[in-house]
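A short write-up of the structure that comes next.
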Amino acid sequence: MFVFDLADAPPLTQAFYQRDPARVAQELLGKILLRKTRAGFAGGRIVETEAYRAEGDSASHAFRGPSRRNRAMFGPPGRAYVYAIHAKYCFNAVTEYRGQASAVLIRSMEPLVGLTQMQTRRKRERLLDLARGPARICQALEIDRRLDSWNLTRGKRLWIVNPHAPLTTSDRILQTPRIGVTSAKELLLRFCLADCPFVSGPRKWRT
DNA sequence: CTACCGATTGACT
DNA sequence: GTCAATCGGTAGA
């Protein structure tokens, strides 16, 4: 079955994450985010991401230097950075570009495996309501602060793998401003699959 | 300690 | 489209 093939696929390596976050954000589109708990496997296809830098990016948590909250962003690439905002959690993959702290926020996912689990955790039936939005992904996959700094390259608990079918030229990628930020609105660091129903945000930034 | 606020969401007009 | 709930992080007294 689909799930077991994906579970056997090798996790993306540290080298994948040790690059410019904008590039990583773009290349994470179409990849499969996997979560394993006692309830089993859950996960889906990443369809929307945002890059956050340190220098020149006032919207980034790393902009004002290291703190207790953002320390994962200053650690090695290939780890998770999980933070709380508005009483909810968001999940990032830590990247690194020329020694600078950076990360990619995973904003939306097309649910593929563990649908029942995710429906239960989200208290929602519709697939469109399960993982469209960064805090919804975390609720659906039971990601919280305990996974902050988690190593994503080991293929345990939380990791990312290549899909069976990679993106093709017919999968148009959109580059837009980031959603919800109150500064650095001019930077085009959000990436998503065009015309994908599982992407969040305004219509004009979806197609 | 208090006060303010946000990389959000869900309910509602 | 608008708006308020929610709570940890942060800055400042």
Side-chain angles (χ1 to χ4, degrees), chain A residues 17 20-26 28-29 33 44 46-75 77 79-97 100-111 118-150 152 158 160 174-192 197-207:
Chain A
Y17 298 102
D20 183 336
R23 189 180 179 100
V24 175
Q26 197 163 339
L28 277 174
L29 296 179
L33 176 62
I46 296 169
V47 296
E48 182 186 1
T49 58
E50 285 177 358
Y52 287 85
R53 304 175 180 284
E55 268 188 26
D57 184 359
S58 54
S60 173
H61 290 169
F63 187 64
R64 286 159 215 290
S67 67
R68 179 176 214 90
R69 175 210 218 184
N70 67 16
R71 74 196 140 79
M73 272 187 87
F74 290 85
R79 304 293 188 100
Y81 168 41
V82 180
Y83 67 89
I85 186 163
H86 291 285
K88 299 165 182 71
Y89 292 103
C90 293
F91 162 66
N92 298 247
V94 174
T95 57
E96 184 183 337
Y97 182 52
Q100 288 202 27
S102 55
V104 174
L105 172 69
I106 310 300
R107 280 199 63 91
S108 294
M109 177 182 88
E110 174 186 354
M118 296 195 277
Q119 286 165 328
T120 302
R121 294 184 186 123
R122 287 277 303 131
K123 300 178 167 56
R124 291 289 189 286
E125 294 284 321
R126 297 170 55 219
L127 295 191
L128 280 173
D129 294 332
L130 296 186
R132 193 180 51 169
R136 291 172 176 164
I137 291 181
C138 287
Q139 191 182 10
L141 297 183
E142 204 175 297
I143 295 171
D144 61 29
R145 70 171 67 263
R146 290 172 303 200
L147 286 169
D148 189 33
S149 292
W150 183 258
L152 300 172
L158 183 65
I160 302 174
L174 250 49
Q175 183 170 7
T176 77
R178 293 170 293 187
I179 291 174
V181 297
T182 55
S183 63
K185 293 183 170 77
E186 73 284 1
L187 299 180
L188 302 179
L189 291 174
R190 171 178 174 269
F191 302 88
C192 70
F198 297 99
V199 165
S200 74
R203 268 268 245 294
K204 67 175 189 178
W205 288 351
R206 287 210 22 212
T207 180

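Residue numbering restarts at 1 for every chain, and letters A, B, ... go by the order of the sequence lines. As the structure is a computational prediction, the values presented were derived from the model and not from experiment.
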Identify which nucleotide among [options] has an atom closest to any side-chain atom of [X], counting heavy atoms from C-beta outward.
X         : options                 : value
Ala87(A)  : dC7(C), dT8(B), dG9(C)  : dC7(C)
Pro134(A) : dA7(B), dT9(B), dT6(C)  : dT9(B)
Ala135(A) : dC7(C), dG6(B), dT9(B)  : dT9(B)
Arg145(A) : dG8(C), dA7(B), dT8(B)  : dG8(C)
Arg122(A) : dA7(B), dG8(C), dG10(B) : dG10(B)
His86(A)  : dT8(B), dG10(B), dA7(B) : dT8(B)

- request: Tell me which residues in residues 180-190 of chain A put a heavy atom below 4.0 Å from DNA chain B, sorted by number, or none.
  value: Gly180(A), Val181(A), Thr182(A)

Measuring only between side-chain heavy atoms, which start at C-beta, is [X] closer than 4.5 Å to [Y]?
X         : Y         : result
Pro111(A) : Phe198(A) : yes
Tyr52(A)  : Asp57(A)  : yes
Glu48(A)  : Ser200(A) : yes
Leu141(A) : Met109(A) : yes

Protein-nucleotide distance ([X], atom [atom1]; [N], atom [atom2]), rounded to Å:
X         : N       : atom1 : atom2 : value
Tyr81(A)  : dG9(C)  : OH    : C1'   : 10 Å
Asp129(A) : dT8(B)  : CG    : P     : 17 Å
Gln139(A) : dG10(B) : CD    : P     : 7 Å
Asp148(A) : dG9(C)  : CG    : C1'   : 13 Å
Tyr89(A)  : dT8(B)  : OH    : P     : 16 Å
Tyr83(A)  : dG6(B)  : OH    : P     : 13 Å
Arg178(A) : dT8(B)  : CZ    : P     : 11 Å
His61(A)  : dG8(C)  : NE2   : P     : 15 Å

Can you check whether [Y]'s main-chain N or O pairs, donor with acceptor, with [X]'s side chain at less than 3.5 Å?
X         : Y         : result
Arg122(A) : Leu130(A) : yes
Ser108(A) : Gly133(A) : yes
Glu50(A)  : Ile179(A) : yes
Lys204(A) : Pro202(A) : no

Charged N-O contact under 4.0 Å between Arg145(A) and Asp148(A): no

query: Which is true for Arg124(A) with a 4.0 Å heavy-atom rule: it touches a base, it touches only sugar-phosphate, or it touches nothing?
result: sugar-phosphate

query: Under a cut-off of 3.5 Å for both distances of each Watson-Crick or G-U pair, what dot-bracket string does DNA chain C give, using [ ] for crossing pairs and | for inter-strand pairs?
result: |||||.||||||.

- prompt: What do you reckon, is CD of Glu55(A) surrounded by more than 12 foreign heavy atoms closer than 6.0 Å?
  reply: no

message: Under 4.0 Å from OP1 or OP2 of dT9(B): is there any side-chain N or O of Arg132(A) that close?
response: no

Show each protein N/O and nucleotides 10-13 of chain C N/O combination with a separation under 3.5 Å, one pair to a line.
{"from": "dT10(C)", "atom 1": "OP1", "to": "Ser67(A)", "atom 2": "OG", "distance (Å)": "2.7"}

task: Could you give me the CA-CA distance, side-chain angles and deciding distance for Thr176(A) and Arg190(A), then say whether side-chain hydrogen bond (donor to acceptor under 3.5 Å, both in side chains) is met?
output: CA-CA 5 Å; Thr176(A) 77; Arg190(A) 171 178 174 269; 3.0 Å; yes

- request: For the residue pair Ser60(A) and Arg53(A), confirm or rule out a side-chain donor-acceptor distance under 3.5 Å.
  value: no

